[in-house]
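Here, residue 1 is the first one in the sequence, and each next residue gets the next number. This structure is a prediction, so every number in the text was calculated from the model and none was measured.
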Amino acid sequence: MGVDAPAVEAKTMNIPNLLSISRILAVPIFVLLMLEPTPLRAFLAGIVFALASITDWLDGYLARKWEQVTKIGKLLDPIADKLLIASALIMLVQVDSSRVPAWAVIIIVGREFAVTGLRAMAASDGIVIPAESLGKYKVGAQITAVLSFVTHLAFGQPWMSMLGVAALWAALLLAIWSGAQYFMNYWKNLG
């Protein structure tokens, strides 16, 4: 008699997970459009980014509503989120580093790596660090910044660029603040 193969999680490729995968697949499309962002290409990049951002909310909502939360989904969703935001911010540095400084993007992306690593380390110690509400605001500010800058490239509206700068600063401050909260929560749980 042979050994049974390990059970495969039922319905791994459900709609919420496919939405996360679609967000990952949107990244190279966004990047290609932003390599030379003419107004039309910037407009199309904005549509790609906006649709991908909507799937960020939709995949989690559907997974909970339909009770289709899976291990692969718990991995794919944050990877897709971080790839989308990091790629967009990095491309914007290339396009307009005076408005989107590399140092700010490094702090934002670095925070994502640090918090992801911290949460993985905490999980290995049996500690669950739930998502902070500030993190949700940070994501909203990041999405607003990216869409504002891309819309400015598409339509040339100066106020969109100003909104992008304000949203980027908000995202930067919220990234630092929420990152500090994660680390404080971890240290509290250790003691």
Exercise. Taking only residues at least two apart or on different chains, which pairs with a member in residues 78-122 satisfy ring-ring contact (aromatic ring centres under 6.0 Å, His included)?
Worked result: W103-W169
Applying the 4.5 Å side-chain criterion to the ILVMFWY set and letting contacts propagate, would [X] and [Y] be lumped into a single cluster?
X    : Y    : value
V48  : V95  : yes
V115 : I106 : no
M162 : M160 : no
V100 : V109 : yes

Contact check, side chains of [X] and [Y], non-hydrogen atoms, under 4.5 Å:
X   : Y   : answer
D56 : L84 : no
L35 : M91 : yes
L92 : M34 : yes

Would a distance-only check, ignoring hydrogens and angles, find a side-chain to backbone donor-acceptor pair under 3.5 Å from [X] to [Y]?
X    : Y    : answer
R41  : E36  : yes
N14  : Q68  : yes
R111 : I107 : no

Supply the atom-to-atom distance [X] [atom1] to [Y] [atom2], rounded to the nearest 0.5 angstrom.
X   : Y   : atom1 : atom2 : answer
L75 : S20 : CG    : OG    : 9.5 Å
I24 : S87 : CD1   : OG    : 10.5 Å
L76 : D81 : CG    : CG    : 10.5 Å

Problem set entry | Sequence neighbours excluded - salt bridge (Lys or Arg N to Asp or Glu O under 4.0 Å) pairs with any residue from residues 83-92 | none
Exercise. Does a side chain donor of either T70 or N17 reach within less than 3.5 Å of an acceptor in the other side chain?
Worked result: yes
For this session: Mind telling me whether F155 and F43 have parallel, tilted or perpendicular rings, with 30° and 60° as the class edges?
Result: perpendicular
